[in-house]
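Below is one structure, written out as structure tokens; comments come after it.
Scope of the values below: all heavy atoms of this structure, side chains included, with no hydrogens, waters or symmetry mates.
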Amino acid sequence: MNVSPRTYGYLLRISISFFMSLLMSFAMLVLNLGFVENFMALWFKSFSVAFALAVVISSLVFPFVTVLLSKVVRVCDEPAELCEAPEGC
């Protein structure tokens, strides 16, 4: 399937949000309650809320983090030892 870079960014954020929410809601539920009788129902409810929040939060935070990270690091297509250091480093 071919998608545009913009669509790829959305799909990436949604996918990461899905798996992070799934694993984090499971871990936090096990740590806080253990494996109780209605664990699956509680996990589904916890995951649903976590996923909805994760998608919204990642959409809001991603542009800010991208700008901040671009000020801290420089992306190089070549291996690090072949990349020339920018002026003033």
Side-chain angles (χ1 to χ4, degrees):
M1 168 179 20
N2 294 328
V3 296
S4 69
R6 183 176 181 169
T7 302
Y8 178 79
Y10 289 132
L11 291 173
L12 182 63
R13 280 181 243 158
I14 291 169
S15 299
I16 290 173
S17 297
F18 177 84
F19 287 107
M20 289 292 294
S21 302
L22 187 73
L23 296 172
M24 292 294 291
S25 62
F26 177 82
M28 296 309 295
L29 197 58
V30 169
L31 287 173
N32 288 320
L33 297 179
F35 291 102
V36 294
E37 183 178 325
N38 56 346
F39 180 82
M40 292 304 287
L42 290 171
W43 183 23
F44 181 73
K45 181 179 179 182
S46 177
F47 164 70
S48 301
V49 172
F51 180 59
L53 288 171
V55 170
V56 171
I57 291 169
S58 69
S59 296
L60 295 173
V61 171
F62 186 79
F64 171 73
V65 172
T66 303
V67 169
L68 183 64
L69 193 59
S70 70
K71 292 180 181 187
V72 176
V73 297
R74 185 173 65 97
V75 178
C76 183
D77 292 334
E78 302 170 6
E81 59 273 359
L82 298 177
C83 244
E84 294 181 24
E87 294 290 325
C89 286

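- Applying the side-chain hydrogen bond (donor to acceptor under 3.5 Å, both in side chains) rule to pairs touching residues 61-71 yields nothing, sequence neighbours excluded.
- Through chains of ILVMFWY side-chain contacts below 4.5 Å, Leu60 is grouped with Val56.
- Take Ala54 and apply the side chain to side chain contact (heavy atoms under 4.5 Å, CB included) test, not counting sequence neighbours, and it matches Ser17, Ser21.
- With side-chain heavy atoms closer than 4.5 Å counting as contact, directly or through intermediates, the hydrophobic cluster containing Leu29 also holds Ile14, Phe18, Phe19, Leu22, Phe26, Val30, Leu33, Phe35, Val36, Phe39, Met40, Leu42, Trp43, Phe47, Phe51, Val55.
- If you chain together ILVMFWY residues whose side-chain heavy atoms come under 4.5 Å of each other, Leu69 ends up grouped with Val72, Val73.
- Sorted by first and then second residue, the side-chain hydrogen bond (donor to acceptor under 3.5 Å, both in side chains) pairs involving residues 2-11 (not counting sequence neighbours) are Ser4-Thr7, Arg6-Tyr10.
- Scored by the side chain to side chain contact (heavy atoms under 4.5 Å, CB included) test, Val61 finds Ile57, Val65 as partners (sequence neighbours excluded).
- Legend: residues meeting side chain to side chain contact (heavy atoms under 4.5 Å, CB included) with Ser46, ordered by chain and number and at least two apart, are Ser25.
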